[in-house]
Amino acid sequence: MPMEVKWPFPSRRGLSWTVTSALVTGVVGVYSRIWTKYMNRLLVHNKEDLYKAIERRPQGKPLLTVANHQSCMDDPHIWGVLELKHLWSIRKMRWTPAAADICFTKELHSRFFSLGKCVPVCRGDGVYQKGMDFLLEKLNHGDWVHFFPEGKVNMTQEYMRLKWGIGRLITECALNPIVLPLWHVGFCDVLPNNPPYYPRLGKRITVFVGKPFTLEQLVSQLRAENRSPMEMRKALTDRIQEELWKLKGLAEAAHRRYHGPRGPGRP
């Protein structure tokens with residue numbers, strides 16, 4: 001399905017683009033920090049591993065974070081867990097795919113989301129499309145890319161097969177990215193999936209950061225077995241799903257403990 005607007009990223013992004021992008025990313029990040037951390041009740045588990053991956057991973061080493069998708073504003077709200085030094089660093093902040101049929105339907109919207117380091121992907125166009133190529137290029141440059149691999153808001157919050165695009169990125173990335181899973185609870189209360197659509201106050205949020213890992217050994221094994229690209233994408237996506245799904249029960253248990261009747265999250 002073709003985009004309704006032109007491709008938003010210039011072939012060469014000069015100083016003006018970089019400064020404007022830093023401003024957009026920083027302002028949206030500050031909003032997210034205020035709304036998530038101060039206007040609601042937030043618990044973050046293991047944020048140290050997230051900060052370390054953003055700040056102190058080896059130079060040129062890409063970072064690939066993955067998370068469940070509860071609400072259409074999970075991004076940017078989830079990045080309210082970051083520090084200001086992260087939010088105002090255009091070099092360190094994430095790239096992320098965004099639905100072209102929602103975020104890139106008008107030139108003004110396209111400009112805003114692209115300056116915020118969102119990359120258009122077209123539903124139904126498969127793993128080989130311009131947006132995915134762009135994100136692969138960013139990983140091969142050592143950047144941070146964030147994915148919601150369920151591919152859409154999971155309104156029932158039930159088990160959903162992850163999209164294979166994430167497997168393609170790992171298969172074809174030349175630099176063996178660090179993979180860091182996150183599971184969050186409560187963002188669908190901050191911005192419900194039913195009208196009226198506006199962010200709420202005083203809700204309970206938990207962000208559970210998992211442990212970083214790599215898939216280098218699995219990639220090597222699959223290549224040694226001469227697996228097809230499709231088989232590799234499936235195997236790598238399945239492994240990420242396994243690691244991500246492990247966090248669900250832990251995050252929900254932490255959410256109940258902290259935000260329960262006797263927890264410090266209660267007023």
Side-chain angles (χ1 to χ4, degrees), residues 32 44-54 57 61-82 86 92-99 117-119 121 123 127 131-132 134-140 142-154 157-173 175-188 205-219 232-252 254:
S32 301
V44 186
H45 172 83
N46 192 34
K47 65 183 178 181
E48 296 79 13
D49 274 348
L50 176 60
Y51 291 0
K52 181 179 178 181
I54 295 172
R57 67 183 186 276
K61 187 76 166 176
L63 171 63
L64 183 60
T65 54
V66 295
N68 59 311
H69 206 359
Q70 284 192 343
S71 164
C72 63
M73 284 191 69
D74 287 345
D75 191 308
H77 281 159
I78 193 171
W79 306 127
V81 306
L82 299 181
H86 307 134
K92 290 181 179 177
M93 275 301 290
R94 59 89 187 100
W95 294 91
T96 191
K117 302 183 75 172
C118 298
V119 180
V121 291
R123 302 178 195 271
V127 300
M132 294 298 293
F134 187 91
L135 292 166
L136 178 59
E137 176 187 324
K138 293 305 173 187
L139 285 176
N140 280 326
D143 290 357
W144 170 20
V145 172
H146 177 75
F147 246 76
F148 293 106
E150 289 168 307
K152 63 178 182 179
V153 174
N154 185 349
Q157 301 179 41
E158 296 176 349
Y159 183 88
M160 181 183 291
R161 287 281 304 169
L162 302 188
K163 302 298 184 182
W164 289 5
I166 191 85
R168 183 216 163 180
L169 292 183
I170 295 170
T171 299
E172 299 185 21
C173 182
L175 298 176
N176 182 35
I178 297 169
V179 182
L180 184 62
L182 305 89
W183 194 279
H184 54 83
V185 181
F187 281 121
C188 59
I205 305 166
T206 298
V207 177
F208 199 99
V209 181
K211 291 295 182 182
F213 63 95
T214 73
L215 293 167
E216 183 175 14
Q217 286 188 329
L218 180 55
V219 170
M232 290 187 68
R233 290 196 297 270
K234 181 182 184 303
L236 292 165
T237 303
D238 287 348
R239 174 64 187 280
I240 289 175
Q241 179 132 32
E242 177 185 333
E243 295 296 329
L244 181 60
W245 201 253
K246 287 178 183 177
L247 301 183
K248 181 178 187 292
L250 297 173
E252 291 173 349

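Residue numbers count from 1 along this sequence. Values below: all heavy atoms of this structure, side chains included; hydrogens, waters and symmetry mates excluded.
- A salt bridge links Arg161 with Asp238; the closest basic N to acidic carboxylate O contact falls under 4.0 Å.
- The shortest distance between side-chain heavy atoms of Val207 and Phe187 falls below 4.5 Å.
- For the pair Ile170 and Leu215, the tightest heavy-atom approach, listed with the atom from each and the gap, is CD1-CD1, 3.5 Å.
- Across all non-hydrogen atoms, the minimal contact from Arg123 to Lys152 is NH1-CB, 3.9 Å.
- Electrostatic pairing of Glu48 and Lys52 does not count as a salt bridge here, judged by no charged N lying under 4.0 Å from a carboxylate O.
- Heavy atoms from other residues, nucleotides or ligands lying under 6.0 Å from CD of Glu216 number 12 at most.
- Between Trp245 and Tyr159, the two ring planes are perpendicular [angle over 60°; tilted spans 30° to 60°].
- A pairwise comparison of heavy atoms in Gly151 and Lys163 identifies CA-CG, 3.9 Å as the closest pair.
- Trp79 has its side chain out of reach of His86: every pair of non-hydrogen atoms, C-beta onward, lies at least 4.5 Å apart.
- With a 4.5 Å cut-off on side-chain heavy atoms, Leu135 and Pro97 count as touching.
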(request) Under the side-chain contact (heavy atoms from CB on, under 4.5 Å) rule, what do Lys246 and Trp183 come out as? Steps first, then yes or no, please. (result) CA-CA 9 Å; Lys246 287 178 183 177; Trp183 194 279; over 6 Å; no
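- Across every non-hydrogen atom of Pro212 and Leu180, the tightest pair is N-CD1, 3.5 Å.
- Closest heavy-atom contact between Leu64 and Pro177: CB-CB, 4.3 Å.
- Panel note: side chain Asp49, backbone Lys211; no donor-acceptor pair is recorded below 3.5 Å.
- In this structure, a donor-acceptor pair under 3.5 Å is present between the side chains of His146 and Thr65.
- The two atoms that bring Met132 and Val127 nearest to each other are CB-O, 3.4 Å, heavy atoms only.
- Annotation: side chain of Val66 is not in contact with side chain of Leu182 (no heavy-atom distance under 4.5 Å).
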(message) The test is side-chain contact (heavy atoms from CB on, under 4.5 Å); show your working for Met73 and Ser32 and say whether it passes.
(response) CA-CA 10 Å; Met73 284 191 69; Ser32 301; over 6 Å; no
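- With no hydrogens or angles considered, a side-chain donor-acceptor pair links Asp74 and His69 at under 3.5 Å.
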(message) side-chain contact (heavy atoms from CB on, under 4.5 Å), that's the test. Do Thr96 and Val119 meet it? Break it down for me.
(response) CA-CA 6 Å; Thr96 191; Val119 180; over 6 Å; no
(message) Set out, in order, the CA-CA distance, both residues' side-chain angles and the distance that settles side-chain contact (heavy atoms from CB on, under 4.5 Å) for Tyr51 and Leu82, then state yes or no.
(response) CA-CA 8 Å; Tyr51 291 0; Leu82 299 181; 4.0 Å; yes
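- In summary, of the residues considered (Asn176, Leu175, Thr171), a side chain to side chain contact (heavy atoms under 4.5 Å, CB included) with Cys173 occurs for Leu175 alone.
- No salt bridge links Arg94 with Asp143; every basic N to acidic carboxylate O contact stays at or beyond 4.0 Å.
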